[in-house]
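Notes to accompany the following structure.
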Amino acid sequence: MNDRPRSEESTPAFPGIASRAAATDAEGRIPAANWDELIDSGYLRLFHPAEAGGSGADADAQFDAMEALARACSGTYWSATVSALLCGSLIATYGSLRDHEQLLRPLLSGERTACFGIVEPTAGSDASTYRTTVRPSGRPGGGYVIRGEKSRITNAPTADLSVTLARRDKGPGDNGPDWCLAFVNLRQPGVQRYETPHMGLRAMPWGGLVLSDAYVPEADVVPVPFQALSDGMTWGWLLVSIAAIATAEAALTASVRHAQARVSFGRALAHMEGVQAQLADSRAQLDAARVLARRALRERASGSPARQLIGMLKVYATELAVEITQRAVQIHGAFGVTQGHEVERHYRDAQMNVIGAFASNRLREQLAEGLGLGPAVYQPFDWLAPTGLRHHPVSLDGGTRAVQAVA
Amino acid sequence: MNDRPRSEESTPAFPGIASRAAATDAEGRIPAANWDELIDSGYLRLFHPAEAGGSGADADAQFDAMEALARACSGTYWSATVSALLCGSLIATYGSLRDHEQLLRPLLSGERTACFGIVEPTAGSDASTYRTTVRPSGRPGGGYVIRGEKSRITNAPTADLSVTLARRDKGPGDNGPDWCLAFVNLRQPGVQRYETPHMGLRAMPWGGLVLSDAYVPEADVVPVPFQALSDGMTWGWLLVSIAAIATAEAALTASVRHAQARVSFGRALAHMEGVQAQLADSRAQLDAARVLARRALRERASGSPARQLIGMLKVYATELAVEITQRAVQIHGAFGVTQGHEVERHYRDAQMNVIGAFASNRLREQLAEGLGLGPAVYQPFDWLAPTGLRHHPVSLDGGTRAVQAVA
Amino acid sequence: MVLAQPELRTDPEAATGLGAGPLERSRELAGRLAWPTTAERDRDRSWDPALFAELARAEPGPSLAGPLVPASLGGGGSTAAEGLALLEGLAEGSRDPGLALAVAVHAVLATVPLRAHGTPRQRERYLPRMASGEWFGALSLRQTHGGAVAPAVTARPAPAGQGGWLLTGRLDLVAGAPVAHHFLVVAAHQGGGRTTFLVDRATPGLLVTEGGPAAMHTCPWGHLLLDGAHVDDGSVLGTVEGAAAEVEPLLAVLDWVYCSAPWLGVMRALARDALEAARGRELFGRPLTHDQATRFALADLATQVELAEGLLRRTASRLDDGGALPLQDAAAARLFVADAADRVTRAAAGLTGPLAGTGDGLAERAHRDALFLSRTGGGAQVLRPVVAASMLGLG
Amino acid sequence: MVLAQPELRTDPEAATGLGAGPLERSRELAGRLAWPTTAERDRDRSWDPALFAELARAEPGPSLAGPLVPASLGGGGSTAAEGLALLEGLAEGSRDPGLALAVAVHAVLATVPLRAHGTPRQRERYLPRMASGEWFGALSLRQTHGGAVAPAVTARPAPAGQGGWLLTGRLDLVAGAPVAHHFLVVAAHQGGGRTTFLVDRATPGLLVTEGGPAAMHTCPWGHLLLDGAHVDDGSVLGTVEGAAAEVEPLLAVLDWVYCSAPWLGVMRALARDALEAARGRELFGRPLTHDQATRFALADLATQVELAEGLLRRTASRLDDGGALPLQDAAAARLFVADAADRVTRAAAGLTGPLAGTGDGLAERAHRDALFLSRTGGGAQVLRPVVAASMLGLG
């Protein structure tokens, strides 16, 4: 059933990356050997057509490879997939092959990596608060400079290139969009970075970029209407969803193995109905998530935005993975909270996927809008007092008004 | 309402311990200043009467102090409370003040700490697999020696004393119990220890003891029927439950603060009904847990075993705390998974309480027994095949039998 | 239909120090008088006035019709905690959430606002007859959570000379309507302020019709149609335009606490039924009690009951201790109890209903009625903001 | 009662590539023929033979009475996936889970075992008449999960000379019993082996009585009492003592997949109702659609529908692709759909029922019937071990 993981023969298994996963997590960085293996496997090329330097795999093959890599090492998966799939797609979609092939090809060959510079320190997914701005450099050769700070960005501490969301400093008569993507070379003066230590996905580089008038060639500033960008972002939701499915599958597999091996009170855990119930529920839920994920990836890969479907998937799969890794910790008992144990890592990793890209509740808002409920309407929380339901200590003998002053 | 945390005036707030909590977690050990503060606060004396060197606080005062300390630093709380409350109570209950006052007093004064050596490497809570044994030393001066390994024990890496569950090597004619508690001095040859790194409660010392014929004076080996021990263990369940409540309360308080401060899409999170719903559900559930906890502690402190009540509390409060810390991570977004942030610590700590002492599902088994369902009956999982519901790929055209051989 | 009498459990009050008594007595009474006809009354959606009269006059012990009415006015003079216990026992013994709701509305929700805010004249006129069960008081469950929903009834001053007020509007979900002597009605004035009125059934311009929700069939339900119904100044309960500070928050607390109370009894009955059902069934050739997943479900079910009991009783007892209960504590308790009732009814129905077609059908009725519980008192959409407001300092 | 015709949604099959058709046609048909009387039939627990006849003979398109019967035998000749879609549409259009269950039992559960294991003679005798709706086939939902529950019917050889078998025992939960022409009955032999029999209603020694569970009121329910009922050798379906390898696993898969199918339609209808209800309500003077918690609930509800659809359709389509479906995949799908139905009915009922007393009462009926879904097919207590067995290599 192709909503189960494929057999090992047909899917790259990343054995080296898998064997190093615990150490990679403990050290908090991706070893060079992982990148070598990624390059050799052809993983980075899967998502793009031959003319861009890719191998143009079909959606199911992409899915299998993504899940296999994420199962081997979720931190490595995030880093590689943000670069090759998400940033690669943003460049291919909003840039042009003519102008930006030289940016895209090194991402697919693995010579370089990219990050998607979107979030800023002041707020999460609310773009209205973003301040990073691109303006003409004023230098003789033309071009632009970019200034601002991006934070909590995958690959920011190590990437060569940032696909950066920025405001455009529009001169008079410029009727273009307010926003642009700036493809910023991070190997230049005017770029500072920092790392942000994080609970899970420890191997994944994560942190901030401080851009102090870093230079951007004219061709690498692509004006984009903000709404048009949202389709590009769904690649991020999708890659995170598949990370979650892989982490859940890994935790479930470990749970089955532990249940078969572990004896308590004279019986292997596998013989206990309570354990069976946890395994079966996880299996059914994960199957459902995987069917939805394959469908979403197929639709997305065929060019449909599939926004609603991918949003549903992101919310469900990431929260489910937290639940399944929690069950795995419970089945493993003290082993599951011992550092260095696979399940302890999955538990920390799983929560990162809920937060990563758009967080669940932000996505739920968008899903509701997609259901025809209209955009979110915020109203100050001041509508309780007139109803008589605020600040009224109540007494059976009518002390209401007397006590009210105190409240 | 005394099922809410008391105001700061009436409860020791452990300000120094609280201020060091993040650093204590990051360093993975409890600083000496914490022990000084604990001693000065009188915390360690609360749980025992004056004749044993304690201050004999009532149950509500004990509860308030426990919650306050656990909110300040859960790792410090675990270590201190396992020593003074759990080990202290085991010594007081199964030993005698005459023989063991000299063991108990230093635990309450803070000069020494103790661990409860129960679990062994082979299995979790299944005592039938435990092999640690006490036998007569054969030395001229009499006394006993103890041999075996205890693992995943709070305070094992640092304690001075182990209250150790062991089998008795019974000579002919010895009709005493098969089990004993041995109060083992850990500052002697024949004791080795190791640390086990763990996901949460990092400041709490956790690890193993290898006892190689360590000496135990005759008076410090207390034969106890196994059943009688179970009442002593409920102190452990209770202390873990209160840790969970404190961690949940801390995470909830942080969530309220963050919701008030954090602006997204032009509104503080506090004005969003989705956030309000999470806060309100947490509040109601935590209130219910705290009412049950106070009742359980009152009953236990008054001498009732309150086994069923404490078991229910342990299951509910610890799983609830995981849920509430998860909601807190979600409300905090990326902040909640950044190392060094309070909520990231609470999230890791919360899961330890589910596993610590008896894990939830083991307790559910005991609760079921307490409901009159009889003891757990394990039966090999071999009862599906005869029903026709195993290994039958089914075809609408009757391929069942043909395919069956393949399955 | 042959059914065993509900098995009695030792009174939990004895353990919690509330003093033995009201719960056990009311449970015994309800088990004897009400339970034999519960399934039938539910099926026929019928109300038995004789049964209510018997419950109201039962001796000894606090009256079920007016436990919170002072003894000097003919009531039970019970504490708030005792009142809670009476409703718990009533529901546990009768295994009838609808009957218990009808009694809670009459005996607490319609009564306490008179005790708290009535003039001496109002108290003397209504409370003794309500406490005896002679006069049934009713109100709409749409009006027990303040002005969260737009007021359905308006008040305008009666023409000069006539005095008093003219009330116009419709109210549904009126618990007790078909049998009530009078109604508590909150009406909005043109300026937005709201006033509570005592409206006698005989008021001209008031039409009472039958009909109710798809749940709680044993509670008598109806609608009120007020078409310029004239009430005099003496029918104002509390202050004119004072409802938002007087009767409305009180009604909210009373609904959240006392309409939840029966569910403690219902949950206990369901927990007992579920245990019995598990003991009686076999699966895969083994007793269901050997199935670990079933054991876990029963353990969690018992835990929910214990938690809900503890929280709700603690909340009610605060009305005795300090005399004033913050609204948000009552809302938190209701939020918890409604959720627990949902969990417990589903878990119990998973073991006992709806396949059997035997027994008195409590599993199915409770599964249906728990949904009603969760939607009344404003539901989570009202309760959560009330709780959150106090946490956030907003609202 | 004035109700709007259920709003039609674009056929989701068009998007998923199943080919436009069966779902939409069956939904339209059921909306036109069945839905106007659904609330009434539920209230009266009635079965309308004329309605079934109309659904069975409706043209064009696959027959609702025998979609999976080969066209050569007068059936619809549909694929497994199309059969699923027909039942989805039937339930969505009729808003009647009970009617859809009755049709699923007759048209799939009672039919496919004949297609799969019947002799040519049996197939020719039964299938054309079943596909036309002339003969209704029935069985007990206690017998769709193998030998998990102890067999309630025993078979012993008839006395020498007579030949055949004598069946003795009782079966309840027989869907279709009051209107059935014949029954599938699994009976245990003394040695423990089990055989499937086709038992005609006219068989001497067979008594059919009416009566059913406290749910799914629009399905005709009954009990079978077999008192040494004599059946000849020609009534054996499959091999003697072969049920555990033949009909039992097949029935389990059919129940898990096809009795779940209607709930995809019911969930879609509920999701639509919940959206409408949220659009129509105000709370705190604001449209409920502005309430973030309500929006979240609706988003999760829609997600559950999408997940359940995807998993169940994928499972059914495997019966077309590969021709053999592992039991555990069907069990996992049922486990998921029953849970989704529970979540969706509760969420929808939280927005639409049971206060209103308006509409056709789908929220309340579905809330009641989803409990039935979760308890049949063996319930989680059977489904989970089946799934776990394949994961663990045990069982």
Side-chain angles (χ1 to χ4, degrees), chain B residues 1-4 252-253 255-256 259-260 268-271 273 275-296 299 304 308-309 311-313 315-316 319 360-361 363-374 376-379 383-384 386-387 389, chain C residues 15-16 271 275 278-279 283-292 294-315 318 321-322 325-326 328-329 331-340 380-381 383-395:
Chain B
M1 185 158 181
N2 78 353
D3 49 304
R4 293 283 169 79
L252 183 54
T253 303
S255 301
V256 167
Q260 288 166 328
L269 296 185
H271 292 268
E273 297 87 350
V275 174
Q276 292 164 17
Q278 291 183 308
L279 297 177
D281 287 350
S282 297
R283 178 76 275 151
Q285 292 161 339
L286 197 45
D287 281 358
R290 194 178 276 105
V291 169
L292 189 62
R294 283 194 185 274
R295 183 176 148 209
E299 293 198 15
S304 151
Q308 196 77 353
L309 214 57
M312 290 178 174
L313 172 67
V315 171
Y316 184 76
E319 296 187 354
S360 287
N361 282 349
L363 279 174
R364 285 191 171 94
E365 269 297 2
Q366 299 209 351
L367 291 172
E369 194 172 344
L371 291 172
L373 292 173
V377 175
Y378 294 107
Q379 186 177 330
W383 31 262
L384 198 54
T387 64
L389 298 179
Chain C
T16 55
L275 269 176
R279 284 206 187 96
L283 201 66
F284 298 112
R286 307 180 308 143
L288 200 55
T289 51
H290 289 195
D291 175 69
Q292 203 188 34
T294 301
R295 295 167 69 92
F296 288 1
L298 289 168
D300 285 337
L301 194 158
T303 303
Q304 286 288 322
V305 175
E306 207 68 53
L307 287 159
E309 269 183 22
L311 185 60
L312 191 62
R313 288 180 181 172
R314 183 77 193 75
T315 306
R318 288 212 60 201
D321 295 346
L325 176 68
Q328 62 266 24
D329 286 339
R334 171 60 158 264
L335 201 52
F336 191 90
V337 174
D339 183 64
Q381 287 145 337
L383 297 168
R384 285 162 160 173
V386 170
V387 176
S390 78
M391 301 173 76
L392 293 161
L394 293 170

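Proteins come first, then strands; the chains are lettered A, B, ... in the order of their sequence lines, and each starts at number 1.
With a 4.5 angstrom heavy-atom cutoff, Glu369(B) touches chain C via backbone and side-chain atoms both. Neither the backbone nor the side chain of Leu313(B) has a heavy atom closer than 4.5 Å to any heavy atom of chain C. With a 4.5 angstrom heavy-atom cutoff, Gln381(C) does not touch chain B via any of its atoms. In this structure, chain C has a heavy atom under 4.5 Å from the side chain of Leu309(B), while its backbone stays farther away. Leu292(B) touches chain C through its side chain: at least one heavy atom from C-beta onward sits under 4.5 Å away, while N, CA, C and O do not. Contact annotation for Val256(B): both backbone and side-chain heavy atoms come within less than 4.5 Å of a heavy atom of chain C.
When each of Glu273(B), Glu365(B), His271(B) is scored by its heavy-atom pairs under 4.5 Å with chain C, the top score falls to Glu365(B). When Leu384(B), Leu367(B), Thr387(B), Leu371(B) are compared by the number of non-hydrogen pairs under 4.5 Å with chain C, Leu371(B) comes out ahead. Between chain B and the options Asp321(C), Leu394(C), Asp291(C), the largest number of non-hydrogen pairs under 4.5 Å is found for Leu394(C).
Listed by chain and number, the residues in a ring-ring contact (aromatic ring centres under 6.0 Å, His included) with Tyr316(B) amount to none (sequence neighbours excluded). Residues passing the salt bridge (charged side-chain N to carboxylate O under 4.0 Å, His left out) test with Arg364(B), sequence neighbours excluded: Glu319(B), Asp300(C).
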Does the pair Glu309(C) and Arg295(B) meet the rule for a salt bridge (charged side-chain N to carboxylate O under 4.0 Å, His left out), with working shown? CA-CA 12 Å; Glu309(C) 269 183 22; Arg295(B) 183 176 148 209; 5.3 Å; no
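Across all non-hydrogen atoms, the minimal contact from Leu252(B) to Ser282(B) is CD1-CB, 3.8 Å. Pairing each heavy atom of Val387(C) with each of Ala332(C), the nearest pair is CG2-N, 3.6 Å.
Judged purely by atom type and a 3.5 angstrom limit, Arg295(C) has no side-chain atom pairing as donor or acceptor with the backbone of His290(C).
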